Amino acid sequence: MQADTALITKSEAPNALPKAATGIQGLDEVTFGGLPRGRPTLICGGPGCGKTLLGMEFLVRGATQFDEPGVCISFEETAEELSRNVASLGFDVDALVAGGKLAIDYIFIERSLIEEAGEYDLEALFVRIAHAVQSVGAKRVVLDSIEALFSGLSGESILRSELRRLFRWLKDQNLTAIITAERGEGSLTRHGLEEYISDCVILLDHRVTESVFTRRLRIVKYRGTTHGTNEFPFLIDSTGFSVLPVTSLDLNHSVSEERVSTGVASLDDMLAGQGYYRGSSVLVSGKAGTGKSSLAAHFVNAACARGERCIYFSFEESEQQVVRNMRSIGIDLEQWIERGLLQFRAIRPTTLGLEMHLVRMHAIINRFDPRIVVIDPSTAMLNSSSELETRNMVLRLVDFLKSRQITALLTTLTDNDDSVDQSGMNISSMVDAWLVLQEVESSGERNRGIFVLKARGTAHSNQIREFLLTGHGVELRDVYLGREGMLMGSARLFQEAKDASEAALLRQDIESKELLRERKRRAIEAQIAALQLELESEEQETQRLIAHQELERKQLEEDQLAMARSRSVNVGASEDNGSKGRMAGGRK
Amino acid sequence: MTNVQHAPEKREDNVPVGPSWDLRLYVAGQTPKSLTAFANLKRICEEHLAGNYQIEVIDLFKNPQLAKGDQILALPTLVRKLPEPVRRIIGDLSNTERVLVGLDLRPRGEG
């Protein structure tokens, strides 16, 4: 997907054609630097396609941004008209004229007021241009639109040779010029000016498809340089031109390690405790009423509180509606709008074509330079275009936001919870984090659940949390997970109460059992003590008996000794001749 | 357009001071075309407006700023400042018929 839109690769020869930056949003990107410096560029297109405005913006930006004064030779509008027309784009032409940065010369030709009588040339035109160029030291010239000469004067061959001379003269003067011309039937310009201006030709176009107006720009030719070959949608709004490059990103945008809070502490916890990555794109998908906008509002609220600028693109609700709704959950977005930190852009998706939306969003983002962009819901675009186109558009937008390190939060509305891809438009692969809001219906009520389906580079929670919208914002609760399955809402509360009472019962049970055991232990201990006592007394008895018997044995010995003494005369003799005595006794 | 056809005579009666035909010839340097144009103009004026005209030759190389005021684009350009309305004729004025038509000295459609 990235590859086929990344048609533009930035490769330019080192000795490339010198270019004059236009300063026009996007145009310098698709031309890789601007228009050929010191050469004329042909801008052609039908009436009302913005040729004059492009020319004027080229001059005004040249004078204000690049210090290159300019000259506008207008064949169609007076200086006052021109000044008034571009004032709506925020350009103060009169001030530039007064400051010597811009000269406007209105050349009026009316065929009926001019009689041709003989040979002539356009030397006076040269004189006038040269005079105007000199008066401001111009580097840029716009001729708008020189074809008026063809309707004002009849000698076509004279005109052609004079124009050829004019364009050569412009080159000799080293002026970067824009020549506008009306588009012709079957040719780029009605009078074939493309014959003379061959360095750079840009075609502007506007068309209505399915009642939707789209402006497009195409670089038909740009000699000696690479350029985007596609049709680029563009927009003319209150700040001028914005051309939308098909993609200006080649997937090498820098990535940030910085984290930004989701605005919901418990959701941050689910995302490794820190929230989204700065510059990442986050998708929040869910059915209607699951709280996508609320989550977005939290994010915006937190960002604004940090002092970051945010843009909230709302495609379904008006600014007041969102502000009111968010107030009901305790988020005051109005304070940020008043402080200029939050811009609200409520756009009906059907009012503009898809590309116009994109160009417009680009322009708004470029102007406001936000850190955070919310698109709510991005699926709203589907109304105005096909799914593939919408997907491409969202991709382009996501790429653009990434290249600008803007954290994007996109919401998508899904039809059913159980589809394979709940993002609604298969954009899930483009985003870095994906939060899914789910509705869980049970026991007569609908509850919201949230889980992180993916979060690139984050050790995210794999759990489903209950998502509560309270008067003080979004709260996430751990859902009940137990024998009864996953429970939410009052079922969860009931189950939790039930669990609590069960736990209490169990606790009592345990306590009584412990008591019993204690009692038993004491009884056994008492028995042990009694036995011990018994043992001791038995031991004492035994010892007493032993002592008694010892005493008896000693008495006996003493008695025997006394007996022996009394029976023998000489105890000592008998002892000395004991054997003799026994022998004698034996013989007896 | 033709209501001023006879204006010179009337003016001659009413305004005796100064010529009633005030003509300006814009050129850029002494080119063959500008010399031809001046010669042609002089001849036509002598033939049709003898004694009642004045010609001012403006060289835009010397006074480029003057081109803007009279909306000069092509050269040479003859501008009839008086009598009013202002008329412009471009070219070297070699087509006398067209010059006369352009100066309202001959009604349109005849030449």
Side-chain angles (χ1 to χ4, degrees), chain A residues 71-80 97 103-136 138 143 145-163 165-166 169 173, chain B residues 1 24-41 43-44 58-80 84-106 108-109 111:
Chain A
V71 163
C72 178
I73 306 292
S74 169
F75 292 87
E76 284 173 346
E77 291 170 292
T78 65
E80 292 74 39
V97 171
I104 300 177
D105 194 356
Y106 168 56
I107 293 181
F108 172 77
I109 317 169
E110 174 56 61
R111 194 167 202 152
S112 64
L113 299 182
I114 296 173
E115 200 67 49
E116 288 174 36
E119 273 185 44
Y120 63 93
D121 57 43
L122 296 180
E123 192 60 39
L125 176 65
F126 288 64
V127 169
R128 285 174 80 164
I129 298 173
H131 179 64
V133 165
Q134 247 174 17
S135 68
V136 294
L143 302 177
S145 86
I146 200 142
E147 286 183 317
L149 290 173
F150 286 96
S151 54
L153 301 168
S154 62
E156 189 158 334
S157 62
I158 295 178
L159 283 177
R160 288 193 178 280
S161 68
E162 285 298 280
L163 284 179
R165 193 159 73 93
L166 176 66
W169 181 82
Q173 303 291 311
Chain B
M1 284 292 185
R24 277 187 199 170
L25 184 65
Y26 284 89
V27 293
Q30 302 269 320
T31 63
K33 269 203 284 275
S34 55
L35 292 174
T36 313
F38 184 71
N40 283 331
L41 179 62
R43 178 177 49 80
I44 292 165
I58 294 170
D59 188 348
L60 289 181
F61 280 170
K62 291 175 187 152
N63 297 298
Q65 74 283 0
L66 295 178
K68 203 168 175 174
D70 268 327
Q71 278 296 350
I72 307 306
L73 182 70
L75 288 182
T77 295
L78 172 65
V79 177
R80 186 186 81 176
E84 287 184 324
V86 174
R87 295 258 176 253
R88 283 186 191 79
I89 301 158
I90 60 169
D92 61 8
L93 311 180
S94 50
N95 187 335
T96 309
E97 284 302 308
R98 311 248 0 134
V99 177
L100 293 175
V101 169
L103 288 174
D104 290 334
L105 289 171
R106 187 159 296 176
R108 269 159 212 280

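This structure is a prediction, so every number in the text was calculated from the model and none was measured. The figures here come from the full heavy-atom set of this structure, side chains too, leaving out hydrogens, waters and symmetry mates. Residue numbering restarts at 1 for every chain, and letters A, B, ... go by the order of the sequence lines.
Between the side chain of B/Arg88 and the backbone N or O of A/Leu113 there is no donor-acceptor pair closer than 3.5 Å.
More than 12 non-hydrogen atoms from other residues, nucleotides or ligands lie less than 6.0 angstrom from CD of A/Glu116.
Residues B/Pro76 and A/Tyr120 approach most closely at CD-CA, 4.3 Å, considering heavy atoms. When all heavy atoms are compared, the tightest approach of B/Gln71 to A/Phe108 is OE1-N, 2.9 Å. B/Ser94 and A/Gly118 get closest at one heavy-atom pair: OG-CA, 3.7 Å.
Listed options B/Asn40, B/Leu78, B/Ile89, B/Leu73 were ranked by heavy-atom pairs under 4.5 angstrom with chain A; first place goes to B/Leu73.
The structure places CD of A/Glu115 at 11.0 Å from CD of B/Glu97, a figure rounded to the nearest 0.5 Å. For the atom pair A/Tyr106 OH and B/Lys68 NZ, the distance stands at 12.5 Å (nearest 0.5 Å).
No part of B/Tyr26 comes within reach of chain A, as not one of its non-hydrogen atoms sits under 4.5 angstrom from that chain. Residue contact with chain B, scored on non-hydrogen atoms closer than 4.5 Å, is absent for A/Ile158.
For residues 27-36 of chain B, a heavy-atom distance under 4.5 Å to chain A picks out B/Ala28, B/Lys33, given by residue number.
Here the options are B/Leu60, B/Ile72, B/Asn63, the test is side chain to side chain contact (heavy atoms under 4.5 Å, CB included), and the partner is A/Val127; only B/Leu60 passes.
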